[in-house]
Amino acid sequence: MNKLHLLIVEDEANIADVLIAYARAEGYNVTHLERGDGVIAFLQHHQVDLVLLDLMLPGEDGLSICRQVRQFSDIPMIMITAKKDEIDRLLGLELGADDYICKPFSPREVMARVKAVLRRFAPRQQDELKAGDFIVSPAQFTASYRAQPLELTPSEFKLLTLLLSHPQQVFSRAQLIEHLYPDNDDIVDRNIDTHVKNIRKKLSTIAPDQTPITSVYGVGYKFAG
């Protein structure tokens, strides 16, 4: 089973080191960024399961980052700050943060918050995933669209299941490559485009007038819901 990937954005080295150590001890894969101005590009090109985001960062502040991320992704975000002002707290949550923790904090508490947020966002363990006109059964490796069975390759099935599990969330080609081929560095964007083209072709034989898997120019693909 693939490890969950946390992105820790923290410019204070001592705090970052502690969070990284605790996160890795909990079994997470961890990426650390010291500046805010590289976060958006990273998220658009890598699959991340949760972001620990400091409020005050060099390059770009956490609130600005949170606002931008919510324009293309519903990835879970926990904001970390030394500010305890209630206005800042509410502003952070209104912009789309899923939790908010103030310094100084216990790293164990942070990990507990991480687990709690991830539990809220985890797909339900069920035999069937129903999304729009789709029904997918990961356990049975079956999928149908408008009650018609779909014959999908393993890669197509995995890609479609990911998109259906996150309606309206845009996944970049790099994120999809990482999801489908986590241990292969030779895969290029064209592979993803081919998979999507094949899925659309199979869907069009059932509903020629519908395009449930849509392109987002310059970014990637999403399930329109």
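The structure presented is a predicted model; accordingly, all values stated were derived computationally and were not measured. Here, residue 1 is the first one in the sequence, and each next residue gets the next number.
Note: L163 CG to T161 OG1 = 9.0 Å, rounded to the nearest 0.5 Å. Of the inter-residue distances, the one linking I192 atom CD1 with H179 atom NE2 reads 9.5 Å to the nearest 0.5 angstrom. Here the straight-line distance linking atom CD1 of I8 with atom CG of L53 works out to 11.5 Å at 0.5 Å rounding. One distance of note links CD of Q175 with CG of L180; it measures 11.5 Å at 0.5 Å rounding. Here the NE2 atom belonging to H195 is positioned 9.5 Å from the CG atom belonging to L176, to the nearest 0.5 angstrom. Annotation: the span from D37 atom CG to E60 atom CD amounts to 7.0 Å, rounded to 0.5 Å.
Residues F171 and L162 meet the side-chain proximity criterion, which asks for heavy atoms closer than 4.5 Å. Between S165 and F223 the shortest side-chain heavy-atom distance does not fall below 4.5 Å. Put simply, the side chain of H46 does not reach to within 4.5 Å of the side chain of T31, judged on heavy atoms. At a threshold of 4.5 Å between non-hydrogen side-chain atoms, the residues Y145 and I199 do not count as touching. L203 has its side chain within reach of P212: a pair of non-hydrogen atoms, C-beta onward, lies under 4.5 Å apart. Between L33 and L7 the shortest side-chain heavy-atom distance falls below 4.5 Å. Counting heavy atoms from C-beta outward, L63 and M79 have side chains that approach closer than 4.5 Å.
Cluster membership for V216 and L160, using ILVMFWY side-chain heavy atoms within less than 4.5 angstrom, is not shared. Cluster membership check: Y100 shares its hydrophobic cluster with M56, using side-chain heavy-atom separations under 4.5 Å among Ile, Leu, Val, Met, Phe, Trp and Tyr. Side-chain heavy atoms closer than 4.5 Å link hydrophobic residues (I, L, V, M, F, W, Y) into clusters, and following such links, possibly through other members, connects I206 to L129. Grouping the Ile, Leu, Val, Met, Phe, Trp and Tyr side chains by contacts below 4.5 angstrom, directly or via other members, places L55 with F42. When hydrophobic clusters are built by joining Ile, Leu, Val, Met, Phe, Trp and Tyr residues whose side-chain heavy atoms come closer than 4.5 Å, directly or via intermediates, V170 is not grouped with V48.
A donor-acceptor contact shorter than 3.5 Å is absent between the side chain of D54 and the backbone of L57. Of the possible donor and acceptor atoms, none in the side chain of E12 sits under 3.5 Å from a partner among the backbone N and O of N14. Between the side chain of D49 and the main chain of H5, a donor-acceptor pair closer than 3.5 Å is present. A donor-acceptor pair under 3.5 Å is absent between the side-chain atoms of R173 and the main chain of Y221, judged by distance alone. K202 places a side-chain N or O within 3.5 Å of a backbone atom of E151 that can act as its donor or acceptor partner.
Counting non-hydrogen atoms of other residues, nucleotides and ligands closer than 6.0 Å to CD of E109 gives a total above 12.
Side-chain contact, K222 with Q168: a donor N or O sits under 3.5 Å from an acceptor N or O.
Evaluation of the salt bridge (Lys or Arg N to Asp or Glu O under 4.0 Å) test over residues 18-34, restricted to residues two or more places apart or in two chains, returns E26-K115.
Partners of V110 by side chain to side chain contact (heavy atoms under 4.5 Å, CB included), not counting sequence neighbours, listed by chain and number: L19, L52, I101, F105, V114.
Here R70 pairs with D98 in a salt bridge; the nearest charged N to carboxylate O distance falls below 4.0 Å.
Screening L152, T153, L159 for a side-chain contact (heavy atoms from CB on, under 4.5 Å) with S155, the sole residue that qualifies is T153.
S73 and Q169 make their closest contact through OG-NE2, 3.6 Å (heavy atoms, listed as atom of the first residue, atom of the second, distance).
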